[in-house]
2 protein chains.
Amino acid sequence: MDSGQSTSLWWERPDLRYEKKHLTFDDSLLEPLARSMGTPLFIYSSRRIRHNLERLHTALGKTGTLFSLFYAMKANRFQPLLTFIKSTGLCGIDACSPEEVFLARACGFQPESISFTATSLSSQDLDLILRHDSLIINCDSISMIRKIGERCPGREIGIRLNPAMGVGYGEVDLLRYSGDRTTKFGIYREQFDEAVDTARAYGLPITRIHFHTGCGYLTSQLETWSRIITTCLDMAKALPQLQTVNLGGGLGLPHTPHDKPLDLEAWASVIHSHFSGTGIRVELEPGDFIVKDSGILLLEVNMVEKKQDRIFVGVNGGFNLAMEPAFYSLPCEPLPCSLSVDKDLAFTSENMTPVTIAGNINEALDIWAENHLLPPMAEGDILALINAGGYASAMSSNHCLRGAFREMILVG
Amino acid sequence: MDSGQSTSLWWERPDLRYEKKHLTFDDSLLEPLARSMGTPLFIYSSRRIRHNLERLHTALGKTGTLFSLFYAMKANRFQPLLTFIKSTGLCGIDACSPEEVFLARACGFQPESISFTATSLSSQDLDLILRHDSLIINCDSISMIRKIGERCPGREIGIRLNPAMGVGYGEVDLLRYSGDRTTKFGIYREQFDEAVDTARAYGLPITRIHFHTGCGYLTSQLETWSRIITTCLDMAKALPQLQTVNLGGGLGLPHTPHDKPLDLEAWASVIHSHFSGTGIRVELEPGDFIVKDSGILLLEVNMVEKKQDRIFVGVNGGFNLAMEPAFYSLPCEPLPCSLSVDKDLAFTSENMTPVTIAGNINEALDIWAENHLLPPMAEGDILALINAGGYASAMSSNHCLRGAFREMILVG
């Protein structure tokens, strides 16, 4: 093709695309970053993070409701990234352990902008979180309501409800939060009265309900999501002091060419339909939605070799650095950082070969992608895995002592 | 019951059992250890580790073959444990990354007692391992043979073969090493001649073959295992300098009352049938078999509460500390460290209740056991998870900043 308009690959967007032969992210060429910083390397784009936060603000701004965002830091706790998020002024933090509260504070967040929702808390955990006076606390169990009551009678609390219904990405069973099976989260309708009575006994006003009902939901699941909201609001009728409803996180993003992105207008209109004119503040706790497509993992190719009937591309990082492909079968999109010919030619079916991309951990499940069509790769090439900004470095382990990596954030 | 003989629970053994109301491990009461050291706490028994090594020595001693054991340190790299293993004089180390080689040396192992078998090695990895002159090296790919040839022409090597057949624990698909699907490991028959030619071109004598064909195999799979050995020895006929055959690891141990332990006599007789009188040295790389049942994870109960129709027992540690139950559905056996009545009464069906044991990570999959029958548990009780010595702390992550734990080894 000549210098005219290039056709887009499904994952391409203005800040992540090939410029002729080179993959660029947030105006930076990825390969030179890999060469200077070394691999494995996670690169995060502050611009994409801000863009994702702004997309949510724009959509929510049209709902006519008061709203607050809390970034779920368990998705990615790289400290420069946390401080960047704080500096945008667009959201607070959702924390789920005492140490997350301390880290959020260390990175610049005030207690009143930290929303804490956790499970199976110890008494020691509670002592630690209650040191932060204005922390927003949601109780996941009656036991937690009681323990807070014993320590801080009269304190304002939220309670986490379990609507016994769920949404989520595809058929990934391990990510199912609620639904058919009773899960460990929140307070079910069967125990709701006891929870309210316990709070009342300690004089704890319940000013907030919280519910989180799945991970990675997309547009087709908004109807179910709306029914879940109805169920929870129905339970909340018994709470005269209710001021705020926290709808949790779980907003999905596309992992394959077949996934349609979450329609934020449709999503916001669900919120509008439930909360407009009610005076209730809506809170949301996006994690992956903010950071997943803001991060890329760069690895170096160590080996390209046929084994039996397949071509294996071996790289210098394994599933211990980003476990979703191995454990949840969440596809990642592996891409060469540099091509030998321009993109439009490289990604034609004649020029691509099916390869299996394998990590360097001595376990069979350590496979990044199987039978994936790629332009030719060679030893020394740099491979990018997109959508590596969430639940990757944050869940990494030092398995086989292969846990070393670097992280960096691009700040424009 | 009176002071007479007590009936055994399926997992009980002389060094791990209830003494009336108290769970003991290697002659130590577990609850006081949890109270003084704090939880989460991994406790390893040096006596059990030695016992497992000695069981293998005894079985192998009857095969009439030369043999060597290498402990697969990726199962557990707690440094005191590594040095204890070195001090027994019963085995070397199986390492799968450069840093594992360095750590093994740091803990007392000489390079000549370290067997290195890895996958997708970078050039930098090779430079690091080749600094250790007498290291035993098995090549997993033709690319690795070539890279060693370029750096150390004439060096002795082993090659890892892939027999395209596998064994393993139950139906755990993620643990399947080889078999129907082409895996990333070793050299297949289709590429064998090229591998031999590459070694010959660099003057690398191939004195060893290596094959590892699954994780957790038990007695019923020994026939398949024997066929795998036949296949590999058939490929090895083309290697005139062959001196050693490394049969990998993968020896299983029971996870449920229904699993029969691996019959070591039957296992050894397979080795005898293939190698007795051949002059070939047999090497083995057990990991889990040495450490898994030598370790226990102690957690404290934070909460006992009904949710919908189920009783949840919440504990102060989650799947990020020991991922096999959540990701591989490998059952662990949760046990109270102290009982309110003697064991024989506590574990009767009238006195047990089905409970779901849940960790403190904000994810639905963070469940230790579901609908598990246990004597009554209360907040503050200590729960033991047995079979936590392998692939637990070694694969742990700091997810949700909940990665803190202690480890200790009991040395009699």
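Sequence lines set the chain letters: A, B, ... in the order given, protein chains first and strands last, and positions in each chain run from 1.
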Can you tell me if Q79(B) has over 12 outside heavy atoms packed within less than 6.0 Å of its CD? no

If I measure from the heavy atoms of chain B, does S396(A) come under 4.5 Å with its side chain, its backbone, both, or neither? backbone

Tell me the closest heavy-atom pair linking K184(B) and I361(A), and the distance in Å. NZ-O, 2.8 Å

Considering only heavy atoms, which portion of N398(A) lies under 4.5 Å from any heavy atom of chain B: side chain, backbone, both, or neither? both

At a 4.5 Å cut-off on heavy atoms, which part of Q191(A) comes close to chain B: side chain, backbone, both, or neither? side chain

Is V315(B) in contact with chain A via its backbone, its side chain, both, or neither, using a 4.5 Å heavy-atom distance? backbone

Looking only at M303(A), R77(A), R310(A), the option with the highest number of non-hydrogen pairs under 4.5 Å against chain B is R77(A)

Which portion of E190(B) sits near chain A, non-hydrogen atoms under 4.5 angstrom: side chain

Distance alone, cut at 3.5 Å: any donor-acceptor contact between the side chains of D309(A) and T182(B)? yes

Any side-chain to backbone donor/acceptor pair from N362(B) onto T117(A)? Under 3.5 Å, distance only. yes

The test is side-chain contact (heavy atoms from CB on, under 4.5 Å); show your working for F327(A) and M323(B) and say whether it passes. CA-CA 11 Å; F327(A) 283 128; M323(B) 67 200 327; 3.8 Å; yes

H399(A) versus K74(B), closest heavy-atom pair with distance: CE1-O, 4.1 Å

Which atoms of E300(A) are under 4.5 Å from chain B, going by heavy atoms: the side chain, the backbone, both sets, or neither? neither

Less than 4.0 Å between a side-chain N and a carboxylate O, is that true for K147(B) and E379(A)? yes

Closest heavy-atom pair, S120(A) versus N360(B), reported as atoms and distance to 0.1 Å, is O-CB, 3.5 Å

With a 4.5 Å cut-off on heavy-atom pairs, point out which of A358(A), A394(A), S141(A) contacts chain B the most. S141(A)

Name the option with the most non-hydrogen atom pairs under 4.5 Å to chain B; the candidates are D125(A), I187(A), T356(A), L103(A). D125(A)

Using a cut-off of under 4.5 Å for heavy-atom pairs, which of C96(A), G403(A), S123(A) has the most such pairs with chain B? C96(A)

Chain A shares the most heavy-atom pairs under 4.5 Å, among A75(B), S397(B), G318(B), C400(B), with C400(B)

Identify, with sequence neighbours excluded, every residue that meets salt bridge (charged side-chain N to carboxylate O under 4.0 Å, His left out) alongside D140(A). R160(A), K307(B)

Engaged part of Q124(B) at the chain A interface, taking heavy atoms whose separation is under 4.5 Å: neither

In terms of heavy-atom proximity below 4.5 Å to chain B, should Y391(A) be classed as side chain, backbone, both, or neither? side chain

Per-residue tally against chain B (heavy atom, under 4.5 Å) across V301(A), T119(A), N302(A), I142(A) peaks at N302(A)

Counting only heavy atoms not in R406(A) (residues, nucleotides, ligands), do more than 12 fall under 6.0 Å from its CZ? no

Chain B shares the most heavy-atom pairs under 4.5 Å, among R189(A), M73(A), E194(A), R146(A), with R146(A)

Heavy-atom proximity to chain A below 4.5 Å, by part of F192(B): neither

Stepwise side-chain contact (heavy atoms from CB on, under 4.5 Å) check, L365(A) with Y328(B): CA-CA 11 Å; L365(A) 64 83; Y328(B) 302 147; 3.1 Å; yes

Do the side chains of R402(B) and E100(A) get close enough for a salt bridge, i.e. N-O under 4.0 angstrom? no

